[in-house]
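Per chain, numbering begins at 1; letters A, B, ... match sequence-line order. Quick caveat, the model's predicted, so the values are computed rather than measured.
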Number of protein chains: 2
Amino acid sequence: MSTPLRATRQRHAVAALLAGLDDFRSAQQIHHLLREAGESVGLSTVYRTLQAMADAGDLDVLKTEDESLYRKCSTSHHHHLVCRGCNRTEEVDGPTVERWADRVAAEHGFTEISHTLEIFGTCTGCRG
Amino acid sequence: MSTPLRATRQRHAVAALLAGLDDFRSAQQIHHLLREAGESVGLSTVYRTLQAMADAGDLDVLKTEDESLYRKCSTSHHHHLVCRGCNRTEEVDGPTVERWADRVAAEHGFTEISHTLEIFGTCTGCRG
DNA sequence: TGCATTTTTGACAATGATTGTCGTCTTAGT
DNA sequence: ACTAAGACGACAATCATTGTCAAAAATGCA
């Protein structure tokens, strides 16, 4: 069903770059980083590759106010605390929230429950 | 601090329109509806008004994939339980979650905290 | 290995919601 | 009314993302 993806220099470059990063980056940032690293990849290709990887479940996607950020997928379910200034991301998990969301949804008769939760703020480094 | 908003024909028109609606509409849709209703308002003004109302807590904002939707705010701060099948939305509030988010963020030294939370599921009507 | 076939690439244009601009018009207050 | 602070709106600008499509690369097969 799913057309197998071909192995290309560009896709390897993107995957390799993300493997060496720990926080979220935008498609544009990734494009710049690749260019600086000598492994130049077209912007359109960066976008397509990131989307394909995200669809395949290999990437974590974080949608901020005005752009999408990507990062290699970490193992467990968790949420993010994101700094508006520098985009620094802290992972937080909240069993309390998970349970609350499931319970509330169940009470309304909903099934196949999923949820999104992001917390935004300004970190100490981005303040006076 | 907060500059008091002035009463204008345009703001009344937007508020009146929203008062007669129960679901979410985009800024562009609202702009069209106003035009059809004879109460024409500039698009820029619609955007500014909606944002001002949202900032003032009079509107509920729902950010979809590619645009922002607005609706009159029924109660206070709350979140949404959205059906994947029919897009029906139920309002839910969770003081627990609010407090949890604020506390977690504060523990990490973050200020000016905000958060987004949406719960997705399949409602009874959209199942066999 | 050479060739056909299909996918991918990337430079560039296009999209489209939202925001900025700025001269003109309104409102609120005296 | 008169004035100063806001507000309006037509239009231009922004900007992440998506579309286009001919050229390039990858896969499969003989």
Check: Is a side-chain donor-acceptor pair under 3.5 Å present for B:E98 with B:H79?
Finding: yes
Without decimals, in angstroms, what is the distance between [X] [atom1] and [N] [atom2]?
| X | N | atom1 | atom2 | value |
| --- | --- | --- | --- | --- |
| B:H32 | C:dA17 | NE2 | P | 10 Å |
| B:R11 | C:dT26 | CZ | P | 15 Å |
| B:K63 | C:dA17 | NZ | P | 16 Å |
| A:L43 | C:dC12 | CG | P | 13 Å |
| A:Y70 | D:dA16 | OH | P | 13 Å |

With sugar-phosphate meaning primed atoms plus P, OP1 and OP2, does [X] contact a base, only sugar-phosphate, or nothing at under 4.0 Å between heavy atoms?
| X | result |
| --- | --- |
| B:S68 | sugar-phosphate |
| A:Q10 | sugar-phosphate |
| A:R9 | sugar-phosphate |

Would you say a side-chain N or O of [X] is under 4.0 Å from OP1 or OP2 of [N]?
| X | N | result |
| --- | --- | --- |
| B:Q28 | C:dG16 | no |
| B:Q51 | C:dT19 | yes |
| A:S44 | C:dA11 | no |

Checklist line | Ionic contact status for B:D22 with B:R71, cut-off 4.0 Å | finding: no
Next item on the list: Indicate the atoms forming the closest heavy-atom contact of A:R9 with A:S40, along with that distance.
Entry: NH1-O, 3.2 Å
Note to self: Please determine whether any donor N or O and acceptor N or O are separated by less than 3.5 Å between the side chain of A:R48 and the base of D:dG19.
What the structure shows: no
Notebook entry, point to check: Please walk me through it: do B:Y70 and B:T49 pass side-chain contact (heavy atoms from CB on, under 4.5 Å)?
Noted result: CA-CA 11 Å; B:Y70 304 84; B:T49 301; over 6 Å; no
Item checked: Nearest-0.5 Å distance, CG of residue A:D102 to CZ of residue A:R99 -> 10.0 Å
Notebook entry, point to check: Between B:L18 and B:D58, is any pair of side-chain heavy atoms under 4.5 Å apart?
Noted result: no
Item checked: First encountered from the 5' end of DNA chain C, between A:G42 and B:Y47 -> A:G42
Give me the distances for all protein-to-nucleotides 28-30 of chain C N/O pairs that come in under 3.5 Å?
residue	atom	partner	partner atom	Å
C:dA28	OP1	B:A7	N	3.4

